[in-house]
Amino acid sequence: MSMDLLRRAAHAAHDAIRANEDRIEGLDRAIGDGDHYHNVIRGAEVAAKLADELGDAAPDQAPDQALKQIGMKLLSTIGGASGPLMSSFFLAAAKTPGAGAVWDRATVTAMVRDGVAAIQARGKAKQGDKTMLDTLIPVAEALEAGAGDDPAALAAKVQAAAEAGMQSTKDILATKGRAAFLGERAIGHIDPGAMSCCVIVTAICQTVASGETL
Amino acid sequence: MSMDLLRRAAHAAHDAIRANEDRIEGLDRAIGDGDHYHNVIRGAEVAAKLADELGDAAPDQAPDQALKQIGMKLLSTIGGASGPLMSSFFLAAAKTPGAGAVWDRATVTAMVRDGVAAIQARGKAKQGDKTMLDTLIPVAEALEAGAGDDPAALAAKVQAAAEAGMQSTKDILATKGRAAFLGERAIGHIDPGAMSCCVIVTAICQTVASGETL
Amino acid sequence: MKKLINAVGDVLTESLRGFGTAHADLVEVSLDPKIVWRRAAPTRDKVALISGGGSGHEPLHAGFVGHGMLDAACPGEVFTSPTPDQMLAAAEKVDGGAGVLWIVKNYAGDVMNFEMAAEMYEGQSASVLTNDDVAVETSTHSQGRRGVAATVILEKIVGAAAERGDDLASLQALGERVNDASGSMGVALTSCTVPAAGKPTFDVGADEMEMGVGIHGEPGRRRVPLASADAIAEEIVGAILEDLKPEAGAPLLMLVNGMGGTPLMELYLLFDAAGRALAKHDLAPSRILVGNHCTSLEMAGASLTLCKLDEEMTALWDAPVHTAALRWGL
Amino acid sequence: MKKLINAVGDVLTESLRGFGTAHADLVEVSLDPKIVWRRAAPTRDKVALISGGGSGHEPLHAGFVGHGMLDAACPGEVFTSPTPDQMLAAAEKVDGGAGVLWIVKNYAGDVMNFEMAAEMYEGQSASVLTNDDVAVETSTHSQGRRGVAATVILEKIVGAAAERGDDLASLQALGERVNDASGSMGVALTSCTVPAAGKPTFDVGADEMEMGVGIHGEPGRRRVPLASADAIAEEIVGAILEDLKPEAGAPLLMLVNGMGGTPLMELYLLFDAAGRALAKHDLAPSRILVGNHCTSLEMAGASLTLCKLDEEMTALWDAPVHTAALRWGL
Ligand SMILES: Nc1ncnc2c1ncn2[C@@H]1O[C@H](COP(=O)(O)OP(=O)(O)O)[C@@H](O)[C@H]1O
Ligand SMILES: Nc1ncnc2c1ncn2[C@@H]1O[C@H](COP(=O)(O)OP(=O)(O)O)[C@@H](O)[C@H]1O
Ligand SMILES: [Mg+2]
Ligand SMILES: [Mg+2]
Ligand SMILES: [Mg+2]
Ligand SMILES: [Mg+2]
């Protein structure tokens, strides 16, 4: 069950990133160095492929092992700033207590919390620094806050949190990452990592909302 | 008198080249390497300046000495293919009259003949090779043919010969100079050296026609 | 996009393979993971210098692998930090028992990937960061300055010290000394095109330039009207001197670095202008390097770097070096 | 026009002065007339090698002045042959009593200016012409082929022979041998802008390239659709081999030469492609040089040169050289 969710989530993320190529790519050209889309799609591709392989080989494997393998694969595939950060998310989530068992709502919520904390630990950024964390911290909070909601309502809330977090990066200075070098010139552009994370979160929410009983 | 003619001819040539910058420049960009205008204007500038200096210093100096000095100056100033060729014209023409001869019509005609022959000797090109010679050989011939005409009529004939010669380079292959490397692609463009020589000849003809009693 | 390439996905592999063949006397190359290391590695009891970063800055870093500079280089995707597995594989090839010094340009991606590699590496290692770009004002953010062309100087000087047998801690300290003594600033006349993106990273008008640009085709701090080489040199030299504050007459290494699309004729002209700009401050370069060393794909533009030399640094700069891109005394 | 320059009329002077300062250990520079010569010149009883040509091809020729290559170089205006007075002044500086060998690229202007200098020179001299560009079909005209990047190879090999004491006639013969053994062809992805002209010499569409281009921003023989590095390498290698007809397995020097605006990443990739193209003919390079050596201002593009080496030529290629742009063994 968890393995299957992981697999569908990976594919949903992959498809969504690809569908948003122009938006993501353009943002990193504007306030970064133009590679973010290519880094993330490279990661999404190997993650989807690896999830398939793992799912086929051992459909009942403990999902924390799969998460760890995906994390390591992302680490050696993405590169740049997003590689270690996204990888850290998976490596940390794999260690969250219960991640090896069947994933219930509480476990997933804890995994996201731990994953986001790992990104913070690795990149030493905080909310408002104009990074992917501006999308991910509100997502983690929305998951905790919506503990009692039905899946569709929760998905909608999480999606809204991601969207709002992503939008919040638009009109602020960057204090971490490449965009920080631009000073004032970064204002008016959404952070590319915040955008790609929002796209991924939204895709996963839709997967969940469309019938998944988490 | 001759020194004065030389001086006015040099200035007329200089002014005319400058006035035709775009046409000359564009042609060498199209079928050469883009420097012909700059080479010729550099030469015209030093020639006009040197003619002034020589004229001021010794208004009655034998003009063959002046021609020789101008030829040497052009040799160290123009460079490229046109430098040695144009310089050869002056160095040869300086030798034509014999020491101290008067510049009458016959002398000038012989000087042009010898100058053009020197260009041929140096560059080993013949009429129809799509070079400056396609302008200059007809000019030399027109001078000889018009030996009996009055100055204005002669000037008109020489000018027409230059113009026709220059135009004749348009629809032929180049077999000498840089344009030769282009093969068929040179067809449809007038040769830049043929153009600049036509501009100079025309300017000098107009100087002569406007009252000079050669 | 106009590039001499085949499929976009094969650019790095094919270019690296070509580099390996062209310099087979000096280096070995692995294509997966991508690493370039000295043919003679490991050098027993010598600290191994490993650098790396996104590709597109050639000859940095692979062109500086060889005697007297790096032991290995890890090229990432274009403008994308390499990954820890590359760094670990490189360390395994070149660690001669005296440990590894990671030389890292200060970008979030490079820092984090090298950090993870260092955490995972079982041998001894230390790292040194370059952050010489004075165009970046540090006050507004916590990212710190970018590492740019001074990285070449650091790799040369620390490389020479490693060759003479300095230990890991001394090399790290020396690296920090070189970095602290260096400042750089760049200008771009055109943008550049990341192969995978297929279009220029930024647009810049025919009469404009980007002042304070980095080496990733990222926009600079200011878009300004195109200026003369003299004006550019004065602005850049002024900014660097304000940062480095050398004493009048102090020995300085000057690096005039092309961004990839600017011909030597202009680089020497800019060097001439920079010399005049320096002279106004009663300074003159005691060591000089002019050329394409830390580039940004095919970008037209250049950067100036000054490094305050002491006697030891001068001697280490002069020491023999034999790499694909820098060679003397051997 | 986007260039790192001051006044257009000062480009050459300032660039040359910068070159002279940057390489003051190697060369002396005169700005009027413009010449660059070895600091140690003249070398007694050694034939002096003098080359020259229009500027805009840097590092050719000034970058190749030094031990084992040229004794002097005469830079003309951009893309304009230098003048006889420069050549005579250079000869006076470097003729060590064994005569002067003029190394001339086959262009009408270069040929005539060097010819006039030779006629005016009172010492002993001889000349050797390079005409390696196989893109130019000789059948239609009497101009002959252009001299391009093989000039670098000739200057290196003949320079090494001069250093070992060969006499003028032998050096001229060797030069002709190197030239006859060499073929080149180039491709341009963009045009270039002569500073005085201020606009690109030709226009080329975003999906087009010029095949068989020279080194003066002159249009090539054919405007063709942009092609892959593999297709370009195959066409060029095919054209050169058709001209040189080397036996399978014959030792070859391959020079992958950038036109000025193409980054090293692409040059190494093109070298990789050229290696594959050669392999189809059972050939492989025995000596390799990749880089910007004979450029065309900031043009994007590259040329390939092959030179059939014999044992003597190989040894002379390998001999020590110490110039601004090429250095090994010293
Ligand atoms: N220290 C950091 N903490 C969190 N996120 C960061 C940090 N630095 C960069 N990022 C994120 O990484 C994104 C850029 O990723 P990417 O373009 O793949 O790498 P690079 O910046 O190395 O080119 C930024 O948009 C930002 O969201
Ligand atoms: N062998 C030759 N004989 C006569 N004229 C020539 C010859 N070669 C070139 N030219 C002339 O020189 C002109 C080009 O001069 P220029 O552009 O100044 O020199 P370059 O070709 O060296 O750049 C050509 O247009 C042609 O008229
Ligand atoms: Mg990026
Ligand atoms: Mg020309
Ligand atoms: Mg990047
Ligand atoms: Mg020319």
Side-chain angles (χ1 to χ4, degrees), chain C residues 2-7 10-12 14-19 21-24 55-56 58-59 63 78 187 189-190 192 206 209 226 228-230 232 256 260-275 285 288-290 292 295 297-298 300-302 322 325 327-330, chain D residues 2-7 10-12 14-19 21-24 55-56 58-59 63 78 187 189-190 192 206 209 226 228-230 232 256 260-275 285 288-290 292 295 297-298 300-302 322 325 327-330:
Chain C
K2 292 189 133 179
K3 292 185 188 285
L4 294 168
I5 59 174
N6 296 304
D10 297 333
V11 169
L12 284 190
E14 294 179 3
S15 178
L16 206 56
R17 193 170 52 207
F19 179 84
T21 310
H23 302 290
S55 292
E58 291 69 27
V78 173
V187 65
L189 305 189
T190 67
C192 57
M209 61 185 195
L226 204 58
S228 69
D230 278 343
I232 291 171
V256 176
T262 285
L264 270 183
M265 177 189 275
E266 295 174 42
L267 296 182
Y268 282 117
L269 191 152
L270 184 64
F271 167 68
D272 185 60
I288 298 160
L289 186 66
V290 179
N292 292 314
T295 62
L297 293 171
E298 77 284 9
H322 183 179
R327 182 169 182 180
W328 56 69
L330 272 177
Chain D
K2 292 190 131 179
K3 293 186 189 286
L4 294 168
I5 59 176
N6 295 304
D10 298 332
V11 169
L12 284 191
E14 294 178 4
S15 178
L16 207 56
R17 192 170 53 208
F19 178 85
T21 309
H23 302 290
S55 292
E58 290 69 25
V78 173
V187 66
L189 305 189
T190 67
C192 58
M209 60 184 196
L226 204 59
S228 69
D230 278 343
I232 290 170
V256 176
T262 285
L264 270 184
M265 178 190 275
E266 295 175 42
L267 296 182
Y268 282 117
L269 191 153
L270 184 64
F271 167 68
D272 185 60
I288 298 161
L289 187 65
V290 179
N292 292 314
T295 61
L297 293 171
E298 77 285 9
H322 183 179
R327 181 169 183 182
W328 56 71
L330 273 176

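A note on names: the letters A, B, ... follow the listed sequences, proteins ahead of strands, and every chain is numbered from 1.
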Worksheet entry | Toward chain D, the part of C:H322 with a non-hydrogen atom under 4.5 Å | neither
Response to the item:
Between D:Y268 and C:A22 the two heavy atoms that sit nearest each other are CE2-CB, 3.8 Å
Worksheet item: Relative to chain D, which segment of C:I5 carries a heavy atom at a distance below 4.5 Å: side chain, backbone, both, or neither?
Response: both
Item to complete: Decide yes or no for C:T262 and D:L4: does some side-chain heavy atom of the first lie under 4.5 Å from some side-chain heavy atom of the second?
Response: yes
Discussion item. At a heavy-atom distance under 4.5 Å, which candidate from D:V11, D:L267, D:D10 has the highest pair count against chain C?
Written reply: D:V11
Item to complete: Check each atom of C:F19 against the heavy atoms of chain D and say whether the ones under 4.5 Å are side chain, backbone, both or neither.
Response: both
Worksheet item: Which atoms of C:L189 come close to chain D, meaning under 4.5 Å heavy atom to heavy atom: side chain ones, backbone ones, both, or neither?
Response: both
Discussion item. Given heavy-atom pairs under 4.5 angstrom as the criterion, report whether the side chain, backbone, both or neither of C:A302 touches chain D.
Written reply: both
Item to complete: Select one option (side chain, backbone, both, neither) describing which atoms of D:L16 are under 4.5 Å from chain C's heavy atoms.
Response: neither
Worksheet item: Quick one: what part of C:A206 sits under 4.5 Å from any heavy atom of chain D, side chain, backbone, both or neither?
Response: backbone
Item to complete: May I ask you to name which of D:L270, D:T190, D:T21 has the most heavy-atom pairs under 4.5 Å with chain C?
Response: D:T21
Worksheet item: With a 4.5 angstrom heavy-atom cut-off, which part of C:T295 approaches chain D: side chain, backbone, both or neither?
Response: neither
Discussion item. So does D:D230 get a backbone contact from the side chain of C:N6, meaning a donor-acceptor N/O pair under 3.5 Å?
Written reply: yes
Response to the item:
chain D shares the most heavy-atom pairs under 4.5 Å, among C:L297, C:V187, C:L269, with C:L269
Worksheet entry | Portion of C:L289 that has a non-hydrogen atom of chain D nearer than 4.5 angstrom | neither
Discussion item. Quick check on the interface: out of D:R17, D:K2, D:K3, who has the most heavy-atom pairs with chain C under 4.5 Å?
Written reply: D:K2
Fill in: Heavy-atom pair count under 4.5 Å with chain C, highest-scoring of D:E58, D:E298, D:M265
D:M265
